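All figures in this text were calculated on a predicted structure; none of them were measured in a lab.
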Amino acid sequence: MLSEILNEQSRYWIGVVSASHVRRGVQGGFAQLCHGKAAPLRRMRSGDWLIYYSPRTEMKDGEPLQAFTAIGQVLDDRVYEYPMSDSFIPFRRDIRYTDCKETKISSLLEQLSFTRGVKSWGYPFRFGHFEISQQDFRVIANAMLNSFGGNVNEFEIQ
């Protein structure tokens, strides 16, 4: 588990990516958002936290998933290009991920400020990347970390 102390400047983000793409990012220690665009990555700063939400298992024809699938901390302020093919050179940023369990959003809908009591709760996810409150981060992180014997307090968030 992560043990670094977060400063008061830390912000908390949701990135929306298919579960198969999240797995690649976790294995490689990077984040890639909004089909490789740089702007969402540049909004984040070193020390910020990113939680991935995966609406589907695969980008196009995957099964519906609607789960939070990874959690990690932004390592530095570097946003860089990474050539995946001759025709696709997305932007990335380095992330230190922590072990967690996939957590269905349905179990958290009434606990999160951006979904509580909202019929169309999926709307903010359509943007691909958005900021959440520290309290919402705590709710999601605790749900994702509990089965690993940890909780968000190990992140020492004030």
[X] versus [Y]: any side-chain heavy-atom pair under 4.5 Å?
X	Y	value
Met44	Leu33	yes
Leu41	Trp13	no
Val74	Ile95	yes
Arg78	Asp94	yes
Gln9	Arg45	no
Pro90	Met84	yes
Met59	His21	yes
Leu112	Val139	yes

_ring pair (Phe, Tyr, Trp, His ring centres under 6.0 Å) partner of Phe114, the single match among Tyr53, Phe127, Trp121, Phe130_ =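 That would be Phe130; it is the only one of Tyr53, Phe127, Trp121, Phe130 passing the ring pair (Phe, Tyr, Trp, His ring centres under 6.0 Å) with Phe114.
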Would you find a donor on one side and an acceptor on the other, under 3.5 Å apart, between the side chain of [X] and the backbone of [Y]?
X	Y	value
Ser10	Gly47	yes
Asp136	Ser113	yes
Arg56	Leu65	no
Thr98	Arg96	no

Is [Y] reachable from [X] through a run of hydrophobic residues whose side-chain heavy atoms are each under 4.5 Å from the next?
X	Y	answer
Leu108	Ile14	yes
Tyr82	Phe88	yes
Phe30	Val26	no

*Could you tell me how the ring of Phe68 sits relative to the ring of Phe125: parallel (under 30°), tilted (30 to 60°) or perpendicular (over 60°)?*
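Plane angle between 30° and 60°, so tilted.
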*asked:* Could you check whether Asp77 pairs with Arg93 (Lys NZ or Arg NE/NH1/NH2 to Asp/Glu carboxylate O, under 4.0 Å)?
replied: yes
*Any luck finding a side-chain donor-acceptor pair between Glu58 and Ser20 under 3.5 Å?*
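Note: Glu58 and Ser20 side chains meet the donor-acceptor criterion.
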*Compare every heavy atom of Ala141 with every heavy atom of Ile51, then report the nearest pair and how far apart it is.*
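Smallest interatomic distance, heavy atoms only, reads CD1-N, 4.4 Å.
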*Over 12 foreign heavy atoms within 6.0 Å of OH, Tyr123*: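 Open: at most 12 neighbouring heavy atoms sit under 6.0 Å from OH of Tyr123.
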*Residue Glu110 excluded, over 12 heavy atoms near CD under 6.0 Å*: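 Above 12, so yes.
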*Establish, for the pair Arg138 and Tyr12, whether the NZ or CZ atom is under 6.0 angstrom from the six-membered ring centre and no further than 45 degrees off its axis.*
no
*Hey, what do you get for OG (Ser54) to CD (Gln66), rounding to the nearest 0.5 Å?*
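Nearest 0.5 Å value for the OG-CD distance: 11.0 Å.
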